[in-house]
Amino acid sequence: MRQNDRSKLQQALSDKRMLEQVVNSPDAKALASMLSQGTDQSSLKKIAENAAKGDTSQLKALIQSISSAPGGAELLQRLGNTFGQK
């Protein structure tokens, strides 16, 4: 990820109102549905914990599986654009 992209993401993540809008969006709900269909909550928690510690291999695999699901890539693109617009 480029430095400019990181700073935009950091700004977006610090904007609580914008985060609420994204979390409550239909795209975020669709992503949550996709995640819950393929992976249980404890596994998702472990993936997040590992990523926070620097091991992103499982997170990358999860994102790849979402990207390859029907409509998944478009969903991730729309969510990414939402963060880029704010």
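The first residue of the sequence shown is numbered 1, and numbering continues consecutively from there. Note that this is a predicted model, so its numbers are computed, not measured.
- Applying the side-chain hydrogen bond (donor to acceptor under 3.5 Å, both in side chains) rule to Q64 yields no partners; only residues at least two apart in sequence or on another chain are considered.
- For the pair S67 and L76, the tightest heavy-atom approach, listed with the atom from each and the gap, is OG-CD1, 3.4 Å.
- Partners of S68 under the side-chain hydrogen bond (donor to acceptor under 3.5 Å, both in side chains) rule, at least two apart in sequence or in another chain, do not exist in this structure.
- Each salt bridge (Lys or Arg N to Asp or Glu O under 4.0 Å) pair with one or both residues in residues 19-35, not counting sequence neighbours, appears once here: D27-R78.
- Across every non-hydrogen atom of M34 and A69, the tightest pair is CE-CB, 3.4 Å.
- With rounding to the nearest 0.5 Å, the separation of CD1 in I47 from NZ in K60 is 14.0 Å.
- Residues satisfying the side chain to side chain contact (heavy atoms under 4.5 Å, CB included) criterion with S65, sequence neighbours excluded, are L62.
- Identified under the salt bridge (Lys or Arg N to Asp or Glu O under 4.0 Å) test for residues 34-55, with sequence neighbours left out: none.
- Looking at N50 and L59, their side chains never come closer than 4.5 Å, going by heavy atoms from C-beta outward.
- Every residue meeting the side chain to side chain contact (heavy atoms under 4.5 Å, CB included) condition with A30, not counting sequence neighbours, appears here in chain and number order: L75.
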